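Take a look at the structure set out below.
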Amino acid sequence: MRDDGTLDDPYAPSSPTTDTEDGTSTERTTAASRLRAYARDLTGRRRAQLALAAGVVCCLGLAAVAQVRDDTSDAATRGAPLASSAELAERAEQQRASRDLDRAAVPTTTPSAVATTADPDTTPRARKVAPARPTDPAPVAGLDEDQMENAEAIVRTGRAMGVPRRGLVIAVATAMQESNLYNVASGVLPESQDFPHQGVGWDHDSVGLFQQRSSSGWGPVGRLMDPEFATRQFLTALEQVPGWQQMRLTDAAQAVQVSAYPEHYQQHEGRATRVVDAILPSGR
């Protein structure tokens, strides 16, 4: 029993609960707040996930672009698969040709040089013309063609040896006396007739323009039949005679020939001088 004297209702609740309007509103507000907070939290999480996914996609895209660029750079650097030796040679040839074209395109001479330099491909080349051989002089001093040719051989050989003009005159005069300026073979030496000759003599084994004897050591018969060789033999012996240039012509010739008629050479000095002058003009 309560103090107020009222009877306790055995069926009444021990502590009254009042389902008031205020209590119901509060509970609903709290629940709604919790729902909104959960929704916001859920939305934030989804946004974060979306942002993370977007970031991952962007990173993957950038990585792919970088990889493509790296692959492109590597491909450019590495190039195609290794070429064969033939392809390498062809590429090298093309590079050389390209360099040649580049050099050809750049002028290497100044305008003045271009103006004064002839084009070797278009300018006719002047042919080298050998100097004309001096015309053989006409025979002089009563000589014929063969005698004049033999006199020329004597003068030409003496000039090549550096013999002075006086020695040439002595040689021509000696040949006039010995063989009349003909290349004579010997009837005593049949072998001498196997070589070009212009007559046959019978003075022992004497042969050639100067009637030199092989048995006396002048040289082989075949060589003595050569006017140039015979002349060299005579002039070499003449230059070994002391003071020959100051001697009379006949004395100089006799010192070489040792003839049985030493004075006969002198008679030919005038004619020999005319012949040498005709072959070798003054000043030469």
Side-chain angles (χ1 to χ4, degrees), residues 133 136-137 139-242 244-245 247-269 271-273 275-276 278-280:
R133 182 180 178 181
D136 293 337
V140 297
L143 303 182
D144 60 23
E145 294 288 345
D146 291 338
Q147 292 171 306
M148 195 68 181
E149 288 180 4
N150 290 330
E152 288 181 55
I154 292 172
V155 173
R156 182 174 60 250
T157 302
R159 289 285 290 178
M161 295 174 62
V163 175
R165 195 183 194 94
R166 175 66 175 171
L168 305 181
V169 172
I170 294 174
V172 171
T174 301
M176 286 179 172
Q177 173 60 33
E178 295 290 352
S179 64
N180 199 19
L181 269 176
Y182 289 118
N183 194 24
V184 179
S186 172
V188 177
L189 291 175
E191 61 178 299
S192 65
Q193 301 176 34
D194 295 336
F195 301 93
H197 58 279
Q198 298 162 327
V200 177
W202 296 91
D203 183 10
H204 304 288
D205 56 350
S206 301
V207 297
L209 290 177
F210 296 91
Q211 290 292 282
Q212 295 158 328
R213 303 178 64 179
S214 178
S215 60
S216 298
W218 285 99
V221 174
R223 300 298 304 279
L224 294 175
M225 291 297 297
D226 176 11
E228 293 185 5
F229 178 82
T231 300
R232 284 196 299 271
Q233 293 295 83
F234 174 82
L235 291 175
T236 299
L238 176 65
E239 289 185 316
Q240 294 176 1
V241 176
W244 66 269
Q245 295 190 54
M247 293 181 178
R248 292 190 309 153
L249 183 147
T250 192
D251 294 337
Q254 175 62 13
V256 176
Q257 296 296 103
V258 191
S259 171
Y261 308 99
E263 292 294 326
H264 288 182
Y265 300 108
Q266 191 63 43
Q267 61 182 325
H268 303 289
E269 183 171 4
R271 293 175 63 225
T273 301
V275 171
V276 173
I279 299 171
L280 196 63

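Below, each value reflects all heavy atoms present in this structure, side chains not excepted, and no hydrogens, waters or symmetry copies. These figures come from a predicted structure and were not determined experimentally.
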Discussion item. Does this structure show an ion pair linking R248 with E263, if we count only N-O contacts that are shorter than 4.0 Å?
Written reply: yes
Discussion item. What I want to find out is whether E269 reaches R166 closely enough, with some N-O distance under 4.0 Å, to be called a salt bridge.
Written reply: yes
Of all heavy-atom pairs between [X] and [Y], which one has the smallest distance, and what is that distance?
X    : Y    : value
G208 : N183 : CA-OD1, 3.4 Å
M225 : P196 : CE-O, 3.6 Å
V275 : M176 : CG2-CE, 3.9 Å
P137 : A278 : CB-O, 3.7 Å

Discussion item. Would you say that R159 contacts L168 through its side chain, given a criterion of any heavy-atom pair below 4.5 Å between the two side chains?
Written reply: yes
Worksheet item: Are any of the side-chain heavy atoms of Q245 and P164 separated by less than 4.5 Å?
Response: yes
Checking the side chain of [X] only, and the main-chain atoms of [Y] only, is there a donor and an acceptor separated by less than 3.5 Å?
X    : Y    : result
Q147 : N180 : yes
Q254 : S259 : yes
R165 : L280 : yes

Any chance you could measure [X], atom [atom1], to [Y], atom [atom2], to the nearest 0.5 Å?
X    : Y    : atom1 : atom2 : answer
Q211 : D203 : CD    : CG    : 6.0 Å
L209 : E228 : CG    : CD    : 10.5 Å
R156 : M161 : CZ    : CE    : 14.0 Å
L249 : T273 : CG    : OG1   : 7.5 Å
W244 : D251 : CH2   : CG    : 14.0 Å

Worksheet entry | L224 vs S214, side chain to side chain contact (heavy atoms under 4.5 Å, CB included): CA-CA, chis, key distance, verdict | CA-CA 8 Å; L224 294 175; S214 178; 4.3 Å; yes
Worksheet entry | H197: ring-ring contact (aromatic ring centres under 6.0 Å, His included) partners, not counting sequence neighbours | none
Worksheet item: What do the steps show when you test L181 against L143 for side chain to side chain contact (heavy atoms under 4.5 Å, CB included), and what is the final call?
Response: CA-CA 9 Å; L181 269 176; L143 303 182; 3.8 Å; yes
Item to complete: Would you please test V256 and Q240 for side chain to side chain contact (heavy atoms under 4.5 Å, CB included) and show each step?
Response: CA-CA 9 Å; V256 176; Q240 294 176 1; over 6 Å; no
Side-chain donor-acceptor pairs of residues 232-239 under 3.5 Å, sequence neighbours excluded:
residue: Q233; atom: NE2; partner: W218; partner atom: O; Å: 2.6
residue: T236; atom: OG1; partner: R232; partner atom: O; Å: 2.7

Return a table of donor-acceptor pairs under 3.5 angstrom between the side chains of residues 184-193 and protein atoms on other chains or two or more places apart.
residue: S186; atom: OG; partner: V188; partner atom: N; Å: 3.1
residue: S186; atom: OG; partner: L189; partner atom: N; Å: 3.4
residue: S186; atom: OG; partner: H204; partner atom: O; Å: 3.0
residue: S192; atom: OG; partner: S186; partner atom: N; Å: 2.9
residue: S192; atom: OG; partner: S186; partner atom: O; Å: 3.3
residue: S192; atom: OG; partner: L189; partner atom: O; Å: 2.6
residue: Q193; atom: NE2; partner: S186; partner atom: O; Å: 3.3

Worksheet item: Excluding sequence neighbours, so at least two apart, what forms side chain to side chain donor-acceptor pair (under 3.5 Å) with N150?
Response: Q198
Worksheet item: By side chain to side chain donor-acceptor pair (under 3.5 Å), which residues pair with E178, not counting sequence neighbours?
Response: Q257, Y265
Practice prompt. Could you note down all residue pairs passing salt bridge (Lys or Arg N to Asp or Glu O under 4.0 Å) where residues 206-220 supplies at least one of them, sequence neighbours left out?
Written response: D205-R213
